[in-house]
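Worksheet for the structure shown next.
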Amino acid sequence: MILCSKLMPQGRGLARVLVQRASTITLDWDTRQKSRFDATDSAGRQLGVFLPRGAVVRGGDVLVAEDGSLVRVQAAPQDVLRITTCTEHGSPFDLTRAAYHLGNRHVPIELQPDHLKIEPDHVLADMLRAMHMTVVAVSEPFEPESGAYGDHGGYSHGGHAHDHDHAHSHDNKAAVAEPHVHGPDCTHAHAAPPAAKRIAIPIRSDPVAPHVHGPGCNHDH
């Protein structure tokens, strides 16, 4: 048995010709969500897949064997329920509602722009039909959505996985000094705060009666 303990999501970093020449293994979702399993590749080799706990294998991923050979993973068709909106009475929003109610039940869901897919469940199928959704049993590869931080960055439909590095270096920025807190152990000499500038405003204690000009007035008018 050949050990495979390295996974390259979607074969990123490998030349396309190497991926195309690699042997293949076809696995259903039940197997691909496990981190440890045995498989037989298209060349008839017995493989023992031993990946880190929590790893999920997606269709299009590439396993690296201990002898350096590559093994391309294919998602096997399996029984699933394909969910679409009613063409006569539905709207695109119905698909959002269906995904919401399925998500509340914590079932694996494959999300596509025009349909959803879940594993067969007659109770959920009846619920969806009561919501006026169209539910059809089909045999197709199943790639349910992972958690936001699940497997290798989340399932990317169409095989295009995007790695966004949001770690920005701030080494070229001046450090911002923390404000100094004055306390009982502070040894700084603190200058007395400047006295507030005061403006003297004369205040008259007794109001002066207005002058009335009359016969007894001594003013020279």
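Worth knowing before you read on, the calculation uses all heavy atoms, side chains too, and leaves out hydrogens, waters and symmetry mates. Quick note: residue numbers are just sequence positions, from 1.
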What's the shortest heavy-atom distance between [X] and [Y], and which atoms?
X   : Y    : result
A75 : T26  : C-CG2, 4.4 Å
L47 : C4   : CD2-SG, 4.2 Å
S35 : P52  : CB-O, 3.3 Å
I2  : A65  : CG2-CB, 3.6 Å
L95 : M133 : CD1-CE, 3.8 Å
A98 : L128 : CB-CD2, 3.8 Å

Got a donor-acceptor contact below 3.5 angstrom from the [X] side chain to the [Y] backbone?
X    : Y    : result
Q78  : W29  : yes
T40  : Q46  : no
R82  : V135 : no
D28  : T31  : yes
R105 : H101 : yes
E110 : E143 : yes

What's the spacing between [X] [atom1] and [Y] [atom2] if we round to 0.5 Å?
X   : Y    : atom1 : atom2 : answer
L27 : R32  : CG    : CZ    : 7.0 Å
I25 : D38  : CD1   : CG    : 10.5 Å
R58 : S146 : CZ    : OG    : 5.0 Å
Q74 : S42  : CD    : OG    : 8.0 Å

Between [Y] and [X], is there a side-chain heavy-atom distance shorter than 4.5 Å?
X    : Y    : answer
M1   : R45  : no
I109 : P144 : no
L63  : V49  : yes
L124 : I118 : yes

Inset, instruction - State which residues pass salt bridge (Lys or Arg N to Asp or Glu O under 4.0 Å) with E66; sequence neighbours excluded, sorted by chain then number. - result: none
Legend entry - Partners meeting salt bridge (Lys or Arg N to Asp or Glu O under 4.0 Å) with K34 (sequence neighbours left out): D30
Shared-cluster residues of [X], by chain and number - hydrophobic side chains joined below 4.5 Å:
X    : result
F50  : L3
V17  : M8, L14, L18, V19, V62, V64, L70
V123 : none

Inset, instruction - Only one of D94, V136, L102 passes side-chain contact (heavy atoms from CB on, under 4.5 Å) with I83; say which it is. - result: L102
Inset, instruction - Please indicate whether R21 has more than 12 foreign heavy atoms, meaning atoms of other residues, nucleotides or ligands, lying under 6.0 Å from its CZ. - result: no
Inset, instruction - Please lay out, stage by stage, how F37 and V57 fare under the test side-chain contact (heavy atoms from CB on, under 4.5 Å). - result: CA-CA 11 Å; F37 56 87; V57 182; 4.3 Å; yes
Inset, instruction - Provide the full list of side-chain hydrogen bond (donor to acceptor under 3.5 Å, both in side chains) pairs with a residue in residues 117-135, sequence neighbours left out, each pair given once. - result: K117-E140
Inset, instruction - Using distance alone, with no hydrogens and no angle criterion, decide if Q10 and D61 have a side-chain donor and acceptor under 3.5 Å apart. - result: yes
Legend entry - Intermediate values then yes/no, side-chain contact (heavy atoms from CB on, under 4.5 Å), Q20 and R72: CA-CA 8 Å; Q20 291 174 340; R72 179 163 45 92; 5.5 Å; no
